[in-house]
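Note that these values count all heavy atoms, side chains included, but never hydrogens, waters or copies made by symmetry.
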Amino acid sequence: EPDLNSNMAAFVAIVLLALVTTVQGNCRAPTSMCYTDCGPQRKCSFATRALNGTNFIKSSGVNSREYCARKCFDLGFKYAGVELRSECHCGDVINNVNELRPASECPMGCPGNNDQTCGGAYRIDIYEVDCDGAPGVPPPSPPAFTSKSINTGLKFAMGLAFIDDKRALFLEKDGTIYITEPHSPGFPKSQYMKLENSFTDGHEVGALSLELHPDWDTMEEKQFFVYWCSNPANGKALGMRLSSFIHIENEGGMKSTGNFSSQKLIWHDTDGLGNTPRWHYGGQISFGPDKMLYLGLGDKKTPAFLNSNTHYAGCLLRLYPNGTIPEGNLPSHIKPPECWAYALRNPFSTHWDISTDRYFIGDVGGNVCESTEDLHLGKQGANFGWPQCEGYCATGPGCNCSAGYDEPIYSYARSASCERQCIIGGLINRNPDWPTEYFGAYFLADFSENTLSYATFVTEGSETIKEVKPLPWKEGTPFIKNPLRFFKDPSGDFWISSTNGNGLFSITFEEGGTVPPSTSAIPTTKPEPTSTQGAKVKTIKIEAAMDTTLFKNPTKGGGANNHIFTAFSGIGEMRALVQFDVASMVPSGSVITEAKLMLTVDKVPPSSDAQTIAVHRVTTQWYEGGSCCSSDGKGSSIVVGDASWTHARHSDLSWTSEGGDFNTASVSMNKAFDLGMHTWSSEQLSKDVQGMLDNPSNNYGWAIVGSSCSRCAKRITSRENANTAARPKLMIKYTKGVGTTTQEVVVSTISTTDAPTTTKEA
């Protein structure tokens, strides 16, 4: 056994040299020493505890070294120790029946501070208490969140949808829907509707999501939607399905009911239920800014389903509310036509933030130590990588950055001890009564870690996360174990369901909490926020001012065509050029916070493969010309003024390099799979738009360049196309002035024959 005095000398030396940070209750957390606990036989008693000054304090969800130091300081002890994540131990001496061990044997993260470790199994991090003030006198109480446990008398909510300011529909996994008044004392409720023939099991099959039609408030015949599992019925086999139902108001209040006989089958999962035990079925209904219905489906733990183009496993569904299939979904050689994106493992929680056009997907990670929990943004045609890849393309297991997988915007791995984790995606906060630090932040949780966090972005509506921090909780707040789903009421307060206890918690923010916001944050490699945070963010969409195609055949042009082309056809390579008059549409002096280039592919060869399409900044002035009107990708006879493969303007202004002058480094890349709108966005593309605004004389637009392939041409609708909604567009978010309102303005005509779109003010 090591000599106790020499251990203490080393311990004190480390404490004196450590850099410390004032945090919890004006306590500091110096470097700790990792010790065994409960002696060599691992039998815990007063005689074998490393610190035995008092019974240990269980601090689930908030424990950290500073938190434990304050507890021990108030009790008058010299040393504090944290163990098994949530245990806090105190004492005046370190029991010499325990040994000093390497720090790697104390790997468990602290739930109240992600940057610290809190011991391990029979391993305790011990350090000397160092706090300001007098024992037993708490420091001033900063503001914090608080939760209220709601005694629903039910199990846990898979769906909670507020139909007005007072009433909500509450969906249980067994297929029972209640109408409730969540804010009223006693949680009054009445059965609203029973899903007849519903099927559930002890795993992840059952009634999983409920959502109101996006036009609920204005509909005469109000509809709601449920994602659930039905026994054989309506000529369909046992399986998951999407159904719509009609709301019957009756006399109002708790007497309203749902009409099961009004069921309309929107979609039925022909995959069946896959392997047992039945895991990974998703899924949460969310309506997008296009008023279409989106739903994430898991892999059903059945690889044969995931790798098949006839099975729905791993898909993001996208449908009109009446069940018809919109254009722009995946081609049939990849997945069934209802699928919009694919290759997800278990997108259990998804949410559209309408005002910023972002679709958040919490994809639960795999079951090996290298697995990661991923937060994605949904994109048309995206391949999210599963089962080949998890996490960031440069570091995730099985990932390859050249493979074209859509990277998560945030990913976290298991701890060093390989503890199980399970991401629960949440909601964007827009509650004006909460502090500005949390406005526009994305709230998320981990089911296994029992933690709730919030992610802030570099700018409002950005796709780049600045940092992720644990939520600060008021001490004494009911502990939310196994958080399951996030919901929002009309006031903007959050509700969280849980599989433990009463199963439903309301979340509010209060002044005068006793647990301050943690100073720890999960670092990201994303850019730092700009000075425009908090400024008014405006969103516009502008149409192209010029577009054309460069055909490798220099006798061909396409300046006034209804289409532009990129990639390769039977006659050779084609490159599209597109330019937007940014300076005429965005006020001078504005700061660009985000930009997206949106192009619509309306024709591809019958056997066209997925292909990378890159966007490059053009460096030479070019001209559109008037050649017209080929639509088959062969081009029209070139006329004076056209841009061509050899000339920026035929026939007096040559390119420096044939095929156009543009930066070799692309500003954005995307996989253009098939028909429909595709988007390109990146930090560099936003910088390009800023440059186009600040220096309009150097705005020559972008070149759209396809990777080398055989007969994989993409026909893109041009600015001359009769389908105005499909013309090339540039979405720009910019700030000018002070405020926190997000506004959207569409600077283009939208065809009334297209799918419904919305403009929204936050």
State, yes or no, whether a side-chain contact exists between [X] and [Y] at a heavy-atom distance under 4.5 Å.
| X | Y | answer |
| --- | --- | --- |
| I540 | Y734 | yes |
| S453 | L444 | yes |
| S462 | T593 | no |
| K733 | M731 | yes |
| E204 | N346 | yes |
| S590 | L693 | yes |
| C110 | N63 | no |
| Q690 | V591 | yes |

Ion pair [X]/[Y], N-O distance below 4.0 Å:
| X | Y | answer |
| --- | --- | --- |
| K596 | E463 | yes |
| D215 | K291 | yes |
| D363 | R345 | no |
| E449 | R85 | yes |
| R167 | E249 | yes |

Any sub-3.5 Å donor-acceptor pair from [X]'s side-chain atoms to [Y]'s backbone N or O?
| X | Y | answer |
| --- | --- | --- |
| S371 | G365 | no |
| Q421 | E373 | no |
| K148 | S506 | no |
| D353 | I428 | no |
| Y442 | G426 | yes |
| S243 | V226 | no |

Quick one: pull up [atom1] in [X] and [atom2] in [Y] and give me the separation to the nearest 0.5 Å.
| X | Y | atom1 | atom2 | answer |
| --- | --- | --- | --- | --- |
| I163 | T180 | CD1 | OG1 | 8.5 Å |
| T499 | N482 | OG1 | CG | 4.0 Å |
| I480 | L471 | CD1 | CG | 9.0 Å |
| T356 | R430 | OG1 | CZ | 5.5 Å |
| D446 | C422 | CG | SG | 6.5 Å |
| T679 | L597 | OG1 | CG | 8.5 Å |

Where do E683 and K687 land on the salt bridge (Lys or Arg N to Asp or Glu O under 4.0 Å) test, with the steps shown first?
-> CA-CA 6 Å; E683 180 185 0; K687 289 181 178 179; 3.5 Å; yes
Passing candidate, ring-ring contact (aromatic ring centres under 6.0 Å, His included) with W434, options F494, F439, Y454 =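 Among F494, F439, Y454, the one that satisfies the ring-ring contact (aromatic ring centres under 6.0 Å, His included) with W434 is F494.
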Qualifying residue for ring-ring contact (aromatic ring centres under 6.0 Å, His included) with F287, from Y294, F225, W352 =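 Looking at Y294, F225, W352, the match for F287 under the ring-ring contact (aromatic ring centres under 6.0 Å, His included) is F225.
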Between [X] and [Y], what is the shortest heavy-atom contact and its length?
| X | Y | value |
| --- | --- | --- |
| F486 | G425 | CD1-O, 3.6 Å |
| G288 | I354 | C-CD1, 3.4 Å |
| W267 | M240 | CZ3-O, 4.4 Å |
| L484 | I496 | N-CG2, 4.5 Å |
| G378 | F384 | CA-CZ, 4.2 Å |
| G362 | I423 | C-CG2, 4.0 Å |

In sequence, state the C-alpha distance, the side-chain angles, and the governing distance for R485 and L160, and then conclude on side chain to side chain contact (heavy atoms under 4.5 Å, CB included).
-> CA-CA 9 Å; R485 287 266 198 248; L160 186 72; over 6 Å; no
Using the ring of each side chain (for Trp, its six-membered ring), is [X] parallel, tilted or perpendicular to [Y], with breaks at 30° and 60°?
| X | Y | answer |
| --- | --- | --- |
| Y192 | H247 | parallel |
| F443 | F145 | perpendicular |
| F170 | Y178 | perpendicular |
| W495 | H183 | perpendicular |

More than 12 heavy atoms of other groups within 6.0 Å of N250 CG =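 Yes, because the 6.0 Å sphere around CG of N250 holds more than 12 heavy atoms from other groups.
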Would you mind telling me which of W228, F245, F224 makes a side-chain contact (heavy atoms from CB on, under 4.5 Å) with L210?
->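 Passing option: F224.
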Please report the C-alpha distance between V468 and Y412 in whole Å, then the side-chain angles of each, then the deciding distance to 0.1 Å, and finally whether the side chain to side chain contact (heavy atoms under 4.5 Å, CB included) criterion is met.
-> CA-CA 11 Å; V468 180; Y412 62 96; over 6 Å; no
Please name all residues satisfying side chain to side chain contact (heavy atoms under 4.5 Å, CB included) with N322, sequence neighbours left out, ordered by chain then number.
->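 In terms of side chain to side chain contact (heavy atoms under 4.5 Å, CB included), with neighbours along the sequence ignored, N322 is linked to K264, Y320, T324.
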With distance as the sole criterion, is a donor-acceptor pair present between the side chains of D374 and S411 under 3.5 Å?
->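 Looking only at side-chain atoms, S411 and D374 do form a donor-acceptor pair, the distance falling under 3.5 Å.
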Centroid-centroid distance, F348 to F447, less than 6.0 Å |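 Aromatic pair excluded; centres sit 6.0 Å or further apart.
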I would like to know whether Q223 and I246 meet side chain to side chain contact (heavy atoms under 4.5 Å, CB included); could you show each step before the answer?
-> CA-CA 5 Å; Q223 287 182 298; I246 301 300; 3.7 Å; yes
Can S286 and F360 be said to form a side chain to side chain contact (heavy atoms under 4.5 Å, CB included), step by step?
-> CA-CA 10 Å; S286 187; F360 292 91; over 6 Å; no
